[in-house]
Amino acid sequence: MASRFNPLKADAHWQKVWEEGGTFRASDDSDRPRSYVLEMFPYPSGRIHMGHVRNYTMGDVLARYRRMNGHEVLHPMGWDAFGMPAENAAMERKVHPGEWTRANIATMKAQLKRLGFALDWSRELATCEPDYYGHEQALFVDLFEAGLVYRKESEVNWDPVDMTVLANEQVIDGRGWRSGALVERRKLAQWFLKITDFAEELLDGLDGLDQWPDKVRLMQENWIGKSRGMRFRFRIAGPRPGMEEIEVFTTRPDTIFGANSAALSPDHPIAQALAAEQPEVAAFIALCKQGGTTAAELETAEKLGFDTGLKVVHPFDPDWQLPVFIANFVLMDYGTGAIFGSAAHDQRDLDFARKYGLPVRRVVAPTAEEADLPIGDEADLRDGVIVNSRFLDGMSVEAAIAEVIARAEAGGWGEGTTAWRLRDWGVSRQRYWGTPIPIVHCAACGAVPVPKDQLPVILPEDVDFETPGNPLERHPTWKHVACPSCGGAGRRETDTLDTFVDSSWYFIRFASQPGNRPFDPEVAKRWLPVNQYIGGVEHAILHLLYARFWTRALKHIGMLDLEEPFSGLFTQGMVTHRTYQDEAGNWLLPEEAEAAKAAGESVKAGRVEKMSKSKRNTVDPEPIVDQYGADAVRWFMLSDSPPERDLEWSEAGIEGAWKFVNRLWRLSAASEAGEGTDIALERKLHQTIAAVGANIEALAFNKAVANIYELANAIEKAPPSASRTEAVAVMMRLVAPMVPHVAEEAWAAAGNPGLVADAAWPEADPALLVEDEVTIAIQVNGKLRDTVRTAKGAAREDLEKLAVANTAVQRILAGAAPRKVIVVPDRLVNVVA
RNA sequence: GCCCCUGUGGCGGAAUUGGUAGACGCGCUCGACUCAAAAUCGAGUUCCGCAAGGAGUGCCCGUUCGAGUCGGGCCAGGGGCACCA
């Protein structure tokens, strides 16, 4: 046996054995317990990066571990293959997006295979292929027919040069990131999915996701943003045809007697109606539309109001009238698009009142005696009792809210309600490389879904990216089709679906992929929900919320009896690396920094950051695999850093991992046969079996790695014995999920039949998990003074005597009797002096 | 601004319900092997101190026989949301 492990030979050999044997192919018909382990599928950007390696290694360890525990494991892989980078590549390099994407998939698939992941490649899918997106179109049609899809005018960021819609992140300082043109706010008819219909369910469902990080649940909860409050209607004073009332939303009806104004969104129908009559109003609304929409700009933007001259009547006092403003900070798509101002207890309302000379009246005070405490420039946000509010005086805030709602409901002018921050999901993208929306527009019939027997609506291949704009829109023939309903001249929808739609159901298609429909519900149900989903925290809201919504929508239309798609979620940290810059401030690749340092040039070492192309601090996994083999890379990815935290890539780290792979190999090879039992080593072995299993289950891979190191240290120190031989053999099974190639090599070299991948996970003997001797800490006043070894289960009195008689304790007591002695059996004795 | 998380050696990090802080790895020091180096093996490595001993888990206070762990108040770093009425 070679003294040094040869990863290049071993990796290729075992990968071939696994592939040819179909080792990791999941059977739909198995009667073993099932585990569905899934990592977020990659976008085929070109090459695998370290973040992928870390993500897929984690999932792989769990998948392999579950297999060894007798589970039928589904661990698939595919490609989130639609999206803008392919179109950018098409424009820059004059290649078709499909050609570019498929070439990337081929490259990345080969790279993934070299890492030895236990994947069922027979279920591979790419969302850019008609046999995936065609089924997606069918699901879209189902949702359309169930009334969960609608079309409405919506504002978008429009780049007038590239003639495309930009996402908010693509607008930099008000300009398109690519063209540099000033971005316009333009209204376009867009398709929406009614995620808001499911707001309550999606919120309530979070409670049941007890295997999700609290952080992600909290983020989703905040995103959905449920607010209890009330809607009520102000009557507009005076005869105004078509303008009888203004409906507002508030979470603080208790401050109703502090009301000083009503304010409308610039997009509010009444504001729009006024603008049609009065040029000043139209000018003000135009002013509101200027300026950016970024968070920073909104934060610093001035709060502007325009007094319309309209008055509304206070709901509790027909003689009390309030002015109506149009205000730039009132959002049309939250609540009712109109509010009332109550200045004393809300900072923004207070600023607005001071600016426009509106009255400020305290209606909540810490105590009833402080009703006249003046309000300065700071709103008083303290809780307390209602004051200056007629029949509400003396009530708690909570009671006053209930009272106002009760009176409004009795009077028929308002009601308790709930407002949501969550908006419907706009899925229209004016781009080529996405799933065509299966709709035909017809002058006579309106928007008509494409009948299922005419699906898939396939993307045309002959498109040009020479001219800006959506190639589907420009295509000479593609959009001209007959209306499926009346047969008249129709026009295909040229928008494509947001790629988040593609990733909202791929995990279902992995579980079941019939040719004639999206999935077989019965087969899909056998696997779903995904037991463990692993991916980056950057998807905590959008992808994970959309997938939850899609799953519930499918249940709603009776297609899949499932509420939550992912019962367990784990969000792993990023792979980071130090950044380097030269004298001139140019970012240097790590190897360039090394070379420059060697050449005596000065190199500035920057912060440790997420690997990114722009900072040039990436490390390409492939040459690392060439040099050290898959196992060393995998072991490094699992070592040291807890998986939810960032992992800093380091040369020393991969060297260390490589050394350990070789150490394992030497241990197995040089395992000198011995006789007799070594009870201490057997205890260590069984404790390690239990600990590694528990730590893998908990995804605490760094701890499992530490457990293995301890065992390896113990084995190396132990003299040859039958126990030692056994320990080495068992250790190879313990490391098999993490470093499968060297484990297979050792397993085979030891003459074992079959594959270690198919071997059973070792069982820990409970009798060997406990020690028969323990170390007792001897403390004086809680400070450690000595330790003694005793038999496990020693009597309290004996331990106490032992401690008091201890020389270190005697010295401190100096002849005095201890005031008190605390005994924790099998742990410690604390003598209180 | 609101919400949340994290602070432990030179570094990454361990530490059941409060019960021996620093497991394990990296790095470093010394030693063995070698003509030499690499690899490997052995010993050591929280800080101060020759030692006895003392200090120590971001800072301050508290609860307790005993606090990395619990409570209160700060400081620092990170994340999410953000004109949400």
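Reminder, nothing fancy here: chain letters follow the sequence lines and each chain counts from 1.
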Give A:N702 one of three labels, base, sugar-phosphate or nothing, depending on what nucleic acid heavy atoms sit under 4.0 Å from its own.
sugar-phosphate

Just checking A:R231: base, sugar-phosphate only, or nothing, at a heavy-atom cut-off of under 4.0 Å?
nothing

Does A:R663 make a side-chain N or O approach to OP1 or OP2 of B:U40 shorter than 4.0 Å?
no

Using the P atom in both, what is the distance from B:A36 to B:G44, to the nearest Å?
26 Å

Heavy atoms from C-beta onward define the side chain here; which of B:C84, B:C81, B:C65 lies closest to that of A:R348?
B:C84

Closer than 4.0 Å, any side-chain N/O of A:K783 to the OP1 or OP2 of B:C65?
no

So, under a plain 3.5 Å distance rule, would you say the side chain of A:K303 forms a donor-acceptor pair with the base of B:C83?
yes

Spell out, as yes or no, whether a donor-acceptor pair under 3.5 Å connects the side chain of A:R421 to the backbone of A:W223.
yes

Could you give the distance separating B:A21 and B:U29 at their P atoms, to the nearest angstrom?
30 Å

Mind checking A:N713 for me? I need base, sugar-phosphate or nothing, with any heavy atom below 4.0 Å counting as a touch.
sugar-phosphate

P atom, B:G73 versus B:C24: distance in rounded Å?
39 Å

According to a strict under-4.0 Å criterion, is A:K717 in side-chain N/O contact with OP1 or OP2 of B:G42?
no

Shortest non-hydrogen separation from A:D380 to A:I375 and the atoms involved
CB-CD1, 4.0 Å

Would you classify A:S342 as touching base, sugar-phosphate or nothing, given that sugar-phosphate means primed atoms plus P, OP1 and OP2, and contacts are heavy atoms under 4.0 Å?
nothing

Distance check needed: B:G13 C1' versus A:F701 CZ, whole Å only.
17 Å

Report which part of the nucleic acid A:F249 touches: base, sugar-phosphate, or nothing (heavy-atom distance under 4.0 Å, all strands).
base

Under 4.0 Å between any heavy atoms, over every strand shown, what does A:R819 touch: base, sugar-phosphate, or nothing? Just pick one.
nothing

Rounded to whole angstrom, note down the P distance from B:G58 over to B:A67.
15 Å

Would you classify B:G9 as syn or anti? Syn applies when the glycosidic angle is within 90° of 0.
syn

Angle between ring planes, A:Y580 versus A:H577, binned at 30° and 60°: parallel, tilted or perpendicular?
perpendicular

Whole-Å distance between B:G25 P and A:K659 NZ?
12 Å

Which base sits across from B:C33 as a Watson-Crick or G-U pair, both distances under 3.5 Å?
none

Between atom CG in A:N662 and atom P in B:U40, what is the gap in whole Å?
8 Å

Nearest to the side chain of A:I339 - B:G13, B:C65, B:A85?
B:A85

Please classify the nucleic acid contact of A:S639 as base, sugar-phosphate, or nothing, using heavy-atom distances under 4.0 Å.
nothing

Round to a whole Å and report the spacing from CG of A:L647 to P of B:G13.
9 Å

Would you indicate which nucleotide in B:C3, B:C65, B:C83 comes nearest to any side-chain atom of A:N830?
B:C65

Please state the C1' separation for the pair B:U20 and B:G66 - nearest whole angstrom.
12 Å

Mind checking whether A:F500 and A:H539 have parallel, tilted or perpendicular rings, split at 30° and 60°?
perpendicular

Before we go on, tell me: are the rings of A:F660 and A:W635 under 6.0 Å apart, centre to centre?
yes

Report the base-pairing partner of B:C50 (Watson-Crick or G-U wobble, both distances below 3.5 angstrom), or none.
none

Mind checking the C1' distance from B:G54 to B:C30? Whole angstroms is fine.
27 Å

Using a cut-off of less than 4.0 Å, is there contact between a side-chain N or O of A:Y709 and OP1 or OP2 of B:A23?
no

Without decimals, in angstroms, what is the distance between A:N781 CG and B:G19 P?
19 Å

Parallel, tilted or perpendicular: which fits the ring planes of A:Y356 and A:F352, with parallel below 30° and perpendicular above 60°?
tilted

Give one of base, sugar-phosphate or nothing for A:R423, where a contact means two heavy atoms less than 4.0 Å apart.
base

Respond yes when some side-chain nitrogen or oxygen of A:R811 is under 4.0 Å from OP1 or OP2 of B:G53, and no when none is.
yes

is_close_aromatic(A:W413, A:F234), centroid dist under 6.0 Å:
no

note: A:R785, atom CZ; B:A52, atom P; distance rounded to Å ~ 13 Å

When we call it a touch if two heavy atoms are under 4.0 Å apart, what does A:V824 touch: a base, just sugar-phosphate, or nothing?
base

Partner lookup for B:G44, please. Criteria are Watson-Crick or G-U wobble with both distances under 3.5 angstrom; report none if nothing qualifies.
B:C28

Quantified in whole Å, what is the C1' atom distance between nucleotide B:C4 and nucleotide B:G18?
25 Å

Can you measure A:D349 atom CG to B:C83 atom P for me and round it to whole angstrom units?
15 Å

Partner nucleotide of B:U57 by Watson-Crick or wobble geometry (both distances under 3.5 Å):
none

Using a 4.0 Å heavy-atom cut-off across all strands, classify A:V821 as base, sugar-phosphate, or nothing.
nothing

Work out how far the P atom of B:G68 is from that of B:G9, and round it to whole angstrom.
14 Å

If we call it a pair only when both distances are under 3.5 Å in a Watson-Crick or G-U wobble match, what pairs with B:G77?
B:C5

Looking across every strand, which nucleic acid part, if any, lies under 4.0 Å from A:E655 by heavy atom: base, sugar-phosphate, or nothing?
nothing

If only side-chain N and O atoms of A:R666 are considered, is one of them under 4.0 Å from the OP1 or OP2 phosphate oxygen of B:C41?
yes

Is there a side-chain contact between A:L358 and A:P323, using heavy atoms and a 4.5 Å cut-off?
yes

Short side-chain N/O contact from A:R421 to OP1 or OP2 of B:A82, under 4.0 Å
yes

For B:U63, the nucleotide meeting Watson-Crick or G-U wobble distances (both under 3.5 Å) is none

Whole angstrom value for the distance that separates P of B:C81 from CG of A:L545
12 Å

On a heavy-atom basis, which atom in A:R354 and which in A:G376 lie closest, and how many Å separate them?
NH2-O, 2.8 Å

Indicate, with a heavy-atom threshold strictly under 4.0 Å, whether A:I822 touches base, sugar-phosphate, or nothing.
base

